[in-house]
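First comes the structure, then the notes that go with it.
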Amino acid sequence: QQQVKQSPQSLIVQKGGISIINCAYENTAFDYFPWYQQFPGKGPALLIAIRPDVSEKKEGRFTISFNKSAKQFSLHIMDSQPGDSATYFCAASIRSGTASKLTFGTGTRLQVTL
Amino acid sequence: DSGVTQTPKHLITATGQRVTLRCSPRSGDLSVYWYQQSLDQGLQFLIQYYNGEERAKGNILERFSAQQFPDLHSELNLSSLELGDSALYFCASSVDLGGTEAFFGQGTRLTVV
């Protein structure tokens with residue numbers, strides 16, 4: 001059972017445009033939602049994260065929008081640049097005092113064209 | 001550079017063999033996680049250790065085992081390897097049990113032939 005569904009699978013955006021990647025989760029116990037960026041041959045790198053007590057978090061050109069009632073969250077990349085071309089993964093976890101694991105979406109391959 | 005070091009970067013081995021993947025977490029991080037990334041399964045959580053103790057288990061096969069040593073480095077042992085075990089294996093670390101701000105290493109690409 002896939003607990004975090006991510007779409008689209010791939011995305012092509014022109015330079016300067018807005019890239020939007022969406023994720024939906026099923027487990028209402030999730031309380032931490034990070035986004036990871038992965039370049040070819042590299043490990044995933046934490047980009048930005050949100051907790052469900054806020055509806056939006058912005059860091060530079062990256063914004064997470066969170067809708068708790070709909071169990072959805074999304075990543076917006078403003079003024080997309082060719083250097084943003086990478087695979088993006090949403091994830092979710094349950095913060096616990098005893099253990100934790102990240103459940104990842106299937107990834108979105110973003111290509112930003114000139 | 002995330003500060004998480006994985007060795008080796010690449011590994012080619014035959015079916016039926018056993019390999020050991022090594023991970024050194026970031027300085028100060030007590031939690032170590034292992035993930036498998038394959039084309040058809042995406043990023044899958046395998047196991048978590050915290051300060052030497054196993055804390056969470058995911059989709060880890062019985063042929064696979066892991067441990068975390070007193071110096072906090074971790075090893076993932078894969079035995080009786082099958083072609084389907086070919087994948088990228090990532091180690092991640094975080095300072096706490098909660099797994100927030102997990103930092104990933106660059107991975108070990110395992111190819112089973």
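On a predicted model such as this, the values are computed, not experimentally measured, just so you know. By convention in this document, chain letters (A, B, ...) are assigned in the order of the sequence lines, proteins followed by strands, and residues within each chain are numbered from 1.
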Give, as side chain, backbone, both or neither, the part of B:Phe90 having an atom under 4.5 angstrom from any heavy atom of chain A. side chain
State whether the number of non-hydrogen atoms from other residues, nucleotides or ligands found under 6.0 Å of B:Leu61 atom CG is greater than 12. yes
What residues of residues 41-80 of chain A make heavy-atom contacts with chain B at a cutoff under 4.5 angstrom? A:Gly41, A:Lys42, A:Gly43, A:Pro44, A:Leu46, A:Arg51
For A:Arg109, I'd like to know if atom CZ has over 12 heavy atoms of other residues, nucleotides or ligands within 6.0 Å. no
Do B:Leu81 and B:Leu88 land in one hydrophobic cluster if side-chain heavy atoms of ILVMFWY residues count as linked below 4.5 Å? no
Is atom CZ of B:Arg109 surrounded by more than 12 heavy atoms (other residues, nucleotides or ligands) closer than 6.0 Å? no
Steps toward ring-ring contact (aromatic ring centres under 6.0 Å, His included) verdict (B:Tyr35, A:Phe104): CA-CA 10 Å; B:Tyr35 287 84; A:Phe104 283 90; 5.6 Å; yes
Check this for me: B:Leu83, atom CG, are more than 12 non-hydrogen atoms of other residues, nucleotides or ligands nearer than 6.0 Å? yes
Check the hydrophobic clustering (I, L, V, M, F, W, Y; side-chain heavy atoms under 4.5 Å; chains of links allowed) and say if B:Leu110 and B:Ile60 are grouped together. yes
Between B:Gln37 and chain A, which part of the residue has a heavy atom less than 4.5 Å away: side chain, backbone, both or neither? side chain
Hydrophobic cluster identity match, A:Tyr88 and A:Tyr25, side-chain contacts under 4.5 Å: yes
Under 3.5 Å donor-acceptor, A:Tyr32 side chain and B:Glu101 backbone: yes
With hydrophobic residues grouped by side-chain heavy-atom distances under 4.5 Å, do B:Leu78 and B:Val32 end up in a single group? yes
Heavy-atom pair with the smallest gap, counting every atom of A:Leu102 and B:Phe45: O-CB, 4.1 Å
Same cluster or not: are A:Val4 and A:Phe33 linked, directly or through other Ile, Leu, Val, Met, Phe, Trp or Tyr residues, by side-chain heavy atoms under 4.5 angstrom apart? yes
Report the C-alpha distance between A:Lys101 and B:Lys57 in whole Å, list the side-chain angles of each, state the deciding distance to 0.1 Å, and finish with yes or no for side chain to side chain contact (heavy atoms under 4.5 Å, CB included). CA-CA 9 Å; A:Lys101 66 172 185 176; B:Lys57 228 170 183 177; over 6 Å; no
